[in-house]
Colleague: 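Sharing a structure with you now.
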Amino acid sequence: MDKLKRTKIIDLINSGEYGKTVNVKGWVRTKRGSKNVAFITLNDGSTIHNIQIVVDLNVIKEEDIRNISTGASVSITGELIESPGSGQKVEINAKAIEVLGEADPDEYPLQPKKHSLEFLREKAHLRFRTNTFGAITRVRHAMIFAIHKFFNDKGFCNIHSPIITGTDAEGAGEMFRVTVLDLINPPLNEDGTVNFKEDFFGKETNLTVSGQLEAELAALGLSDVYTFGPTFRAENSNTSRHLAEFWMIEPEMAFYDINDDMDLAEEMLKYLIKYAIDNCPDDLAFLSKRLLDEEKTKKQEERSPMELKEKLLFVLNNDFERTTYTEVIDILKNSKPNKKKKFRFLIEEWGADLQSEHERYLVEKHYKKPVMVTDYPKDIKAFYMKVNDDNKTVRAMDVLFPQIGEIIGGSQREENYNRLLKRMREMNVPEKEMWWYLETRKFGTVPHSGFGLGFERMMQFITGMGNIRDVIPFPRAPQSAEF
RNA sequence: UCCCCAAUAGCUCAGCUGGUUAGAGCGACUGACUGUUAAUCAGUAGGUCCUUGGUUCGAAUCCAAGUUGGGGAGCCA
């Protein structure tokens, strides 16, 4: 047989070149048949849609397809035709079939039926072959691409912030230590502590918890930059919205104040949603249907009032509510659940930290749209945030989304050397280690702002997936690093 | 890390206040069927009832600890 170039299923479905001989390769979803004809449903991951292969058993010998079962990989050459059956537009009349790899039906775990997401999580090496995870993976790629496109079109520079860091400046959580020292027999100082001077970098090092501080350095020279890299938190978090290894987008802009920062955050979120709607209609339609089926198994009161596409359009077509911490505390204090003591944590007075039940009340019940909260008490926020003139609040902003809560956290940064130094001392941030950060405020400092977007949380919102472990190929979480 | 729930066939699950031989649907396999759509119909095989210990004449079932998974909380993105 002449070497015929393989065509992807997505191109075959859109081709319309009926009568043409084509080659298609992929993985078998189902095979069914009778005495004279058999049908193979094939998918190659290029689209959510499958292509149907028609096998005339007068043309192809039965023994040639006997070993084809769900999960097998095949190469099929045949004629692309308009399908006489309902359910698909095109199909392929097979002329030659080659089995590339069998999948023993006694052992292959994926069946042509609905599997639970929990089961598929344990089969992370094979779940790429499912409709749901295929759709998620394609949408994930589209979002990665859209993020780079968004910032590139705006003249931002992508910065590779370091993955191995020497400081725990931000205090954003427990860190993973990076070391080459012998853990059984480490070199010790005289006082019995580990001597990290003998370690690879000559000091204690960890995996990064944020690229923000480094992004700030770059912004104070290139104006507009962003990072998009892996982030590591050794927090023992066991929830459906936390990972030990996740991807974060952190833009940092010189000459931006907190309002410019919010404008950019809202524009970016809407851009990403629009990009998904425009570029992933089939995958989103599938995910929407999947979510609808899942919701049917829930109790009435727990069901989402909107379906996926509606939810996306709702965010896209509405201005985010912009409000302040002080206003929000007032709303919460006078809210029904607070007065009826339905909140686990009752809001008593100004200064209290917002719990997720409060954030969800604001987004889902009170404002009924994404909310941006600014001007938090300085005591509950990070040292680098710019203190307001009231000396009580900082120019922080959190973007709260329905169901997932905080999707973005950002702020205008403190650009004044003396005020920053004062805040670092108040909050016990090691100023000696941070000499380089402080120097940017000493030499040509400018007002600047930035924020962090948790990429997987964004993915949860776009795809409607409830568990963050289903929107990343190989989730890393406590007690969970298989694959 | 804390609270709650669960673990039974390849998958999803039923199995009552402990009772002797462990159940269904789907999947797999075999056969039938002239174009099916997660095909249909008939039949067959398939079990360390999560692990360890305890209570009992007797444990899938009760108790304890552990493991794993799920939901919620904290931490946060």
Side-chain angles (χ1 to χ4, degrees), chain A residues 29-41 49-58 66 69-71 81 83-88 91 93 103-123 130-131 170-174 209-212 230-250 265 297-298 302 343-345 353-357 359-360 380-382 398-401 404-410 451-461 466-472 477-480 482:
Chain A
R29 287 293 172 79
T30 60
K31 185 185 83 172
R32 53 190 175 272
S34 53
K35 198 184 275 175
N36 297 316
V37 64
F39 300 91
I40 296 169
T41 302
H49 301 296
N50 306 316
I51 197 156
Q52 173 161 279
I53 313 296
V54 186
V55 184
D56 184 340
L57 292 172
N58 298 312
R66 189 171 298 159
S69 56
T70 301
I81 60 162
S83 177
S86 59
Q88 65 278 320
E91 60 187 29
N93 264 333
D104 184 347
D106 283 339
E107 288 183 58
Y108 186 66
L110 301 183
Q111 300 161 3
K113 59 171 279 193
K114 212 175 167 70
H115 285 296
S116 69
L117 295 168
E118 292 84 0
F119 174 73
L120 292 174
R121 240 167 263 157
E122 292 170 8
K123 305 273 178 271
T130 63
N131 285 333
E170 213 191 336
E174 293 294 310
V209 292
S210 162
Q212 179 202 315
T231 310
F232 307 88
R233 306 268 167 99
E235 242 13 276
N236 193 4
S237 298
N238 292 289
T239 81
S240 54
R241 29 174 223 293
H242 285 89
L243 290 167
E245 176 185 289
F246 63 100
W247 290 70
M248 190 151 63
I249 297 104
E250 294 179 288
T297 65
K298 288 188 190 165
E302 288 169 10
F343 284 143
R344 269 170 69 119
F345 298 89
D353 212 345
L354 299 183
Q355 308 293 332
S356 31
E357 58 180 345
E359 296 176 347
R360 292 188 64 162
I380 58 173
K381 288 289 179 183
D398 284 358
V399 182
L400 310 179
F401 260 37
I404 42 184
E406 188 181 342
I407 194 167
I408 280 180
F451 60 82
L453 168 73
F455 181 57
E456 282 76 17
R457 289 202 181 159
M458 181 70 193
M459 279 296 300
Q460 279 188 276
F461 183 75
N467 194 313
I468 200 164
R469 299 178 192 198
D470 295 325
V471 297
I472 187 168
Q479 301 302 312
S480 176
E482 192 80 42

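Every value quoted in this text rests on a predicted model; they were computed, and no experiment measured them. All chains are named by letter (A, B, ...) in the order of the sequence lines, taking the proteins before the strands, and each is independently numbered beginning at 1.
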Colleague: A/D470: what forms a salt bridge (charged side-chain N to carboxylate O under 4.0 Å, His left out) with it, not counting sequence neighbours?
Modeller: A/R121, A/R127

Colleague: Starting from P on B/A38, measure out to NZ on A/K114 and report it in whole angstrom.
Modeller: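 A/K114 atom NZ is separated from B/A38 atom P by 13 Å.
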
Colleague: Roughly how many Å is it from CG in A/L117 to P in B/G71, rounded to a whole number?
Modeller: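 About 10 Å, once rounded to whole Å.
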
Colleague: Which part of the nucleic acid does A/L110 contact within heavy-atom distance under 4.0 Å: base, sugar-phosphate only, or nothing?
Modeller: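 Touches nothing.
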
Colleague: Which whole number of Å gives the distance between the C1' atom of B/A14 and that of B/A24?
Modeller: 7 Å

Colleague: Could you spell out the base pairing of RNA chain B as a dot-bracket line? Use Watson-Crick and G-U wobble contacts where both distances are under 3.5 Å, [ ] for crossing pairs, | for partners on a different strand.
Modeller: (((((((..((((.....[...)))).(((((.......))))).....(((((..]....))))))))))))....

Colleague: Check whether any side-chain heavy atom of A/R457 lies under 4.5 Å from a side-chain heavy atom of A/H242, and answer yes or no.
Modeller: yes

Colleague: Of all the nucleotides listed (B/A38, B/C75, B/A28), which has the minimum atom distance to the side chain of A/T30?
Modeller: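 Side chain of A/T30 sits closest to B/A38.
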
Colleague: Got a sec, which residues hit side chain to side chain contact (heavy atoms under 4.5 Å, CB included) with A/E245, two or more places apart in sequence or on another chain?
Modeller: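 Once residues adjacent in sequence are excluded, the partners of A/E245 under the side chain to side chain contact (heavy atoms under 4.5 Å, CB included) criterion are A/F232, A/R476.
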
Colleague: Would you indicate whether the side-chain heavy atoms of A/L354 and A/E406 approach each other to under 4.5 Å?
Modeller: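 Contact flag for A/E406/A/L354 side chains = no.
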
Colleague: Atom NZ of A/K123 to atom C1' of B/G69: distance rounded to whole Å?
Modeller: 13 Å

Colleague: Give me the distance, rounded to whole Å, that separates B/U52 from B/A59 when you measure between the C1' atoms they each carry.
Modeller: 15 Å

Colleague: Under 4.5 Å between any side-chain heavy atoms of A/R344 and A/Q355, yes or no?
Modeller: no

Colleague: Can you list the residues that meet the ring-ring contact (aromatic ring centres under 6.0 Å, His included) rule with A/F246, with sequence neighbours excluded?
Modeller: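 A/F246 satisfies ring-ring contact (aromatic ring centres under 6.0 Å, His included) with no residue once adjacent residues are dropped.
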
Colleague: Using the P atom as the reference point in each nucleotide, state the distance between B/A32 and B/G23 in Å, no decimals.
Modeller: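 The same atom, P, in both gives a distance of 31 Å.
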
Colleague: Pick the P atom in B/A38 and in B/G27, then give their distance to the nearest Å.
Modeller: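 Roughly 11 Å separates the two P atoms.
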
Colleague: By side-chain hydrogen bond (donor to acceptor under 3.5 Å, both in side chains), which residues pair with A/D106, not counting sequence neighbours?
Modeller: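 side-chain hydrogen bond (donor to acceptor under 3.5 Å, both in side chains) check on A/D106 returns nothing, list empty.
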
Colleague: Under 4.0 Å between a side-chain N/O of A/S356 and OP1 or OP2 of B/A73, yes or no?
Modeller: yes

Colleague: On a plain distance test, is the side chain of A/H115 in donor-acceptor contact with the base of B/C11 below 3.5 Å?
Modeller: no

Colleague: Given 3.5 Å as the limit, does a donor-acceptor pair link the side chain of A/S237 with the main chain of A/T239, or not?
Modeller: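 No: the side chain of A/S237 does not pair with the backbone of A/T239.
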
Colleague: Have a look at A/R121 and say if it touches a base, only the backbone sugar-phosphate, or nothing, with a 4.0 Å heavy-atom cut-off.
Modeller: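 Sugar-phosphate, no base atom in range.
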
Colleague: Return the value, rounded to whole Å, for the distance between atom CG of A/L453 and atom P of B/A77.
Modeller: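 The answer, rounded to whole Å, is 11 Å.
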
Colleague: Taking the side chain as everything from C-beta on, heavy atoms only, tell me whether A/T70 gets closer than 4.5 Å to A/L110.
Modeller: no

Colleague: For B/A64 and B/G43, measure between their C1' atoms and round to the nearest Å.
Modeller: 46 Å

Colleague: Provide the distance between the two C1' atoms, one in B/A22 and one in B/G46, to the nearest whole Å.
Modeller: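 That atom pair is separated by 13 Å.
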
Colleague: Taking CG from A/L354 and C1' from B/A73, how many angstroms apart are they, rounded to a whole number?
Modeller: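 So the two atoms are 16 Å apart, to the nearest Å.
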
Colleague: So, is A/N467 close to the B/G71 phosphate, meaning a side-chain N or O under 4.0 Å from OP1 or OP2?
Modeller: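 Indeed, a polar side-chain atom of A/N467 lies that close.
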
Colleague: Is the closest side-chain heavy-atom distance between A/F39 and A/V55 below 4.5 Å?
Modeller: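 Result no, sub-4.5 Å side-chain heavy-atom pair not found.
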
Colleague: Are the side chain of A/E250 and the backbone of A/G211 linked by a donor-acceptor contact shorter than 3.5 Å?
Modeller: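 Looks like yes, one N/O pair under 3.5 Å.
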
Colleague: Specify the residue among A/P112 and A/E118 whose closest nucleotide of RNA chain B lies further upstream toward the 5′ end.
Modeller: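 Nearest nucleotide further toward 5': that of A/P112.
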
Colleague: Is A/S69 touching bases, backbone alone, or none of the nucleic acid, heavy atoms closer than 4.0 Å?
Modeller: nothing

Colleague: Who are the side-chain hydrogen bond (donor to acceptor under 3.5 Å, both in side chains) partners of A/Q52, not counting sequence neighbours?
Modeller: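 Residues passing side-chain hydrogen bond (donor to acceptor under 3.5 Å, both in side chains) with A/Q52: A/R32, A/E91.
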
Colleague: For A/E250 and B/C76, what is the distance between atoms CD and C1' respectively, to the nearest whole Å?
Modeller: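 So the CD-C1' distance, A/E250 to B/C76, works out to 13 Å.
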
Colleague: If each of A/D398 and A/S480 is mapped to the nucleotide of RNA chain B with the nearest heavy atom, which maps nearer the 5' terminus, i.e. the 5' end?
Modeller: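 Whichever sits nearer the 5' end wins; that is A/S480.
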
Colleague: Between B/C75 atom C1' and A/F246 atom CZ, what is the distance in whole Å?
Modeller: 12 Å

Colleague: Could you list the protein-to-nucleotides 1-5 of chain B atom pairs, N/O on both sides, closer than 3.5 Å?
Modeller:
from	atom 1	to	atom 2	distance (Å)
B/U1	OP1	A/N236	ND2	2.6
B/U1	O4	A/N236	O	3.2
B/U1	O4	A/N238	N	3.4
B/U1	O4	A/N238	ND2	3.0

Colleague: Determine the Euclidean distance between corresponding P atoms of B/C41 and B/U36; express it in Å to zero decimal places.
Modeller: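 Pairwise P distance, B/U36 against B/C41, rounds to 15 Å.
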
Colleague: For A/R29, give me all partners under salt bridge (charged side-chain N to carboxylate O under 4.0 Å, His left out), at least two apart in sequence or on another chain.
Modeller: none

Colleague: For A/F345, what residues pass the ring-ring contact (aromatic ring centres under 6.0 Å, His included) criterion, not counting sequence neighbours?
Modeller: none

Colleague: Restricting to nitrogen or oxygen on both sides, can you table the protein-nucleotides 30-36 of chain B pairs closer than 3.5 Å?
Modeller:
from	atom 1	to	atom 2	distance (Å)
B/C33	OP1	A/K35	NZ	3.2
B/C33	OP2	A/K35	NZ	3.3
B/C33	N4	A/G33	O	3.4
B/U34	O4'	A/N36	ND2	3.4
B/G35	OP1	A/S34	OG	2.9
B/G35	N1	A/E91	OE2	2.9
B/G35	N2	A/E91	OE1	2.8
B/G35	N2	A/E91	OE2	2.8
B/U36	O2'	A/R32	NE	3.1
B/U36	O2	A/R32	NE	2.8
B/U36	O2	A/R32	NH2	2.8
B/U36	O2	A/Q52	OE1	3.3
B/U36	N3	A/Q52	OE1	2.9
B/U36	N3	A/Q52	NE2	2.8
B/U36	O4	A/Q52	NE2	2.6
B/U36	O4	A/Q88	NE2	3.3

Colleague: Show the distances under 3.5 angstrom between N or O atoms of the protein and N or O atoms of nucleotides 7-10 of chain B.
Modeller:
from	atom 1	to	atom 2	distance (Å)
B/G10	N2	A/Q111	OE1	2.9
B/G10	N2	A/Q111	NE2	3.3
B/G10	N3	A/Q111	NE2	2.9

Colleague: Under the ring-ring contact (aromatic ring centres under 6.0 Å, His included) rule, collect the residues that match up with A/F451, sequence neighbours excluded.
Modeller: none

Colleague: For the residue pair A/T130 and A/H115, establish whether any side-chain heavy-atom pair is separated by less than 4.5 Å.
Modeller: no

Colleague: In whole Å, what separates the P atom of B/U67 from that of B/A9?
Modeller: 22 Å

Colleague: Could you give the CD-to-C1' distance, from A/E107 to B/G27, as a whole number of Å?
Modeller: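 Answer to the nearest Å: 15 Å.
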
